[in-house]
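This report concerns only the one structure given below.
None of the values given here were measured: they were computed from a predicted structure. Each chain gets a letter, A, B and so on, in the order its sequence line appears, and its residues count up from 1.
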Number of protein chains: 2
Amino acid sequence: MTQRMNTEARREQIACAALGLLAERGSEGFNIAELAESVGLVPSAVYRHFEGREDVLGAALDVFRDRVYALVDAARNEAENPLMALELLLTRHAKLIESGGAVPHIMASMDVPGGRADRRAKTQGIFRGYVARVEGLVRDGQDSGQIRSDIDPTSAALLFAGLIQPAVQLRHAEGERFDITAHVARVWELFRRAVGRD
Amino acid sequence: MTQRMNTEARREQIACAALGLLAERGSEGFNIAELAESVGLVPSAVYRHFEGREDVLGAALDVFRDRVYALVDAARNEAENPLMALELLLTRHAKLIESGGAVPHIMASMDVPGGRADRRAKTQGIFRGYVARVEGLVRDGQDSGQIRSDIDPTSAALLFAGLIQPAVQLRHAEGERFDITAHVARVWELFRRAVGRD
DNA sequence: TCCTCATGTGAATCCACATTCACATCATAA
DNA sequence: TTATGATGTGAATGTGGATTCACATGAGGA
């Protein structure tokens, strides 16, 4: 038998693995059997820790939310000023995409229509929260004078989000041939010209 | 019995209906029973005209591709110059989103990972084609001097695509409360400042 | 040591769909 | 008018995957 674990640790482990599968296969291809195998369990064991498939997906999204928000907060804390925080955030997104990390990948493909209503609501909430945080950075940038004050912060935040989303798709289509780091560097210049105060 | 149709017309009708359902439910929620009902047929009748579910989805994506490309080409033909073509294209995307039209909706939520390999390849091909067309507009804009020539056309095209994608998500989350037309007008100004030659 | 509860297992079930099939019906051409 | 092929129908059938269940096992306390 597999090494036993208390349910709290197991839940966390399963949720993380689920996030990985979700990023890899999408919610359509996500299935319990593969999830169980990826953590060295038998499918039925998953039900010791979760109500069911939807519950697992919900937990995976919670992990996702925490990671995304942590990414923004880290960039905010580590950078010298709001504009540099945005740049740092952008390059970190790019790195995650390059390494196959789940976060921005899911953010981009976030099933707009798919899935149950409550799951949809959750993903949308996560996205709103992300945008709100970026919006906060934009406001700070406006206060510090780096970002033009006549710009609508929400628009700027959505523009920022849009710097990555299409790149993720293209990355998926082209694979290695599409250099996401270089792309991000270029669109960052465009973004700065769009919102910057020079 | 339902009114008979020759298989060509029926295929087209079914493919269009399938695209609608795809936009509404996503590929995860898409099912033959609902599709059949939406065109007034019984599920098994669908198999008179298609090999199976994947075949239907493929046909729906063909319709999708044609519509998207037609949208770009129309904007290109109707506008006076490349920059105005991009603006026209953007506002038309916005209108479609507002009216619940499927096109940009699917473009945004385009299952990056989900689905069978061949279906994925198809959606990616459509996206690449879209980007390539926008890229062509950008090049034209550079030739005509409206767009800075030191900009990478691919980057600009992806930035353009990114103007809409996040907006679609937010629109879905906020519903009517999010005024997509107004948003698009604002990000267009940002886009123009980013790529324009003034 | 023995009890008991939490966790893990393998073998059923269940279920939502896709898919198939034998038959009905209509259009049309001879 | 009748024969034939194309299209539609309803009732099976098949199937992948989620979920349940009876049982096994190991860890920790009495």
Side-chain angles (χ1 to χ4, degrees), chain A residues 1-22 24-61 111 113-120 122, chain B residues 1-22 24-61 111 113-120 122:
Chain A
M1 188 189 306
T2 307
Q3 180 62 46
R4 290 164 72 107
M5 263 187 206
N6 66 57
T7 201
E8 190 185 3
R10 197 56 109 179
R11 261 189 77 97
E12 171 119 6
Q13 181 200 25
I14 293 176
C16 290
L19 180 57
L21 283 182
L22 197 55
E24 199 180 324
R25 303 235 183 293
S27 63
E28 190 177 1
F30 174 88
N31 68 82
I32 300 291
E34 203 169 1
L35 170 65
E37 192 187 11
S38 78
V39 295
L41 283 178
V42 102
S44 59
V46 171
Y47 293 84
R48 287 276 169 234
H49 313 285
F50 292 91
E51 301 274 336
R53 187 186 133 102
E54 280 303 316
D55 190 23
V56 176
L57 286 172
L61 286 177
D111 298 53
R116 302 258 183 91
D118 48 350
R119 176 148 47 93
R120 218 178 350 180
K122 195 164 210 163
Chain B
M1 187 189 303
T2 307
Q3 180 63 46
R4 288 164 74 107
M5 265 188 205
N6 67 57
T7 200
E8 190 185 3
R10 195 59 108 179
R11 261 189 77 97
E12 171 120 6
Q13 181 199 26
I14 293 176
C16 289
L19 179 57
L21 282 182
L22 198 55
E24 198 179 325
R25 303 234 183 292
S27 61
E28 192 177 0
F30 175 87
N31 68 81
I32 300 291
E34 203 169 1
L35 170 64
E37 192 188 11
S38 79
V39 294
L41 283 178
V42 101
S44 60
V46 172
Y47 293 84
R48 286 275 169 234
H49 313 284
F50 292 91
E51 301 274 338
R53 188 187 133 103
E54 280 303 316
D55 190 23
V56 175
L57 286 172
L61 286 177
D111 297 52
R116 301 261 182 91
D118 49 349
R119 177 147 46 95
R120 216 178 350 178
K122 196 164 209 164

Review point. How close or far is atom C1' of dA18(D) from atom CD of Glu28(B), stated in whole angstroms?
Key: 13 Å
Point to revise | Under 4.0 angstrom between His49(B) side-chain N/O and dG8(D) OP1 or OP2 | key: yes
Exercise for review: Please tell me which of the listed nucleotides, dC17(C), dT9(C), dT20(D), lies nearest to the side chain of Leu41(A)?
Suggested key: dT9(C)
Study note, to complete from the structure: Rounded to whole Å, CD1 of Ile32(A) lies from P of dT13(C) at a distance of 22 Å
Check your understanding: In terms of the nearest nucleotide of DNA chain C, which residue is placed more toward the 5' end: Gln3(B) or Arg10(A)?
Key -> Arg10(A)
**Study point:** Any donor-acceptor N/O pair under 3.5 Å between dG8(D) base and Ser44(B) side chain
**Key:** no
Check your understanding: Counting only distance, no hydrogens or angles, is the base of dA6(C) paired donor-acceptor with the side chain of Arg4(A) under 3.5 Å?
Key -> yes
Check your understanding: Between the side chain of Arg25(A) and the main-chain N/O of Phe30(A), is any donor-acceptor distance below 3.5 Å?
Key -> no
Review point. Start at the 5' end of DNA chain C and walk down; is the nucleotide closest to Ala33(B) or to Asn6(A) reached first?
Key: Asn6(A)
**Study point:** Sugar-phosphate only, base, or nothing, as touched by Thr2(A) at under 4.0 Å among non-hydrogen atoms
**Key:** sugar-phosphate
Review point. Where do Leu61(B) and Arg119(B) come nearest, in terms of heavy atoms and distance?
Key: CD1-CG, 3.9 Å
Point to revise | Whole angstrom value for the distance that separates P of dT7(D) from CZ of Phe50(B) | key: 12 Å
Point to revise | Separation of atom CD in Glu8(B) from atom P in dA6(D), rounded to whole Å | key: 15 Å
Practice item. May I ask you to decide if Leu41(B)'s main-chain N or O and Thr2(B)'s side chain share a donor-acceptor pair within less than 3.5 Å? Key: no
Review point. Atom CE of Met5(A) to atom C1' of dG8(C): distance rounded to whole Å?
Key: 12 Å
**Study point:** Any Arg48(B) side-chain N or O less than 4.0 Å from OP1/OP2 of dG8(D)
**Key:** no
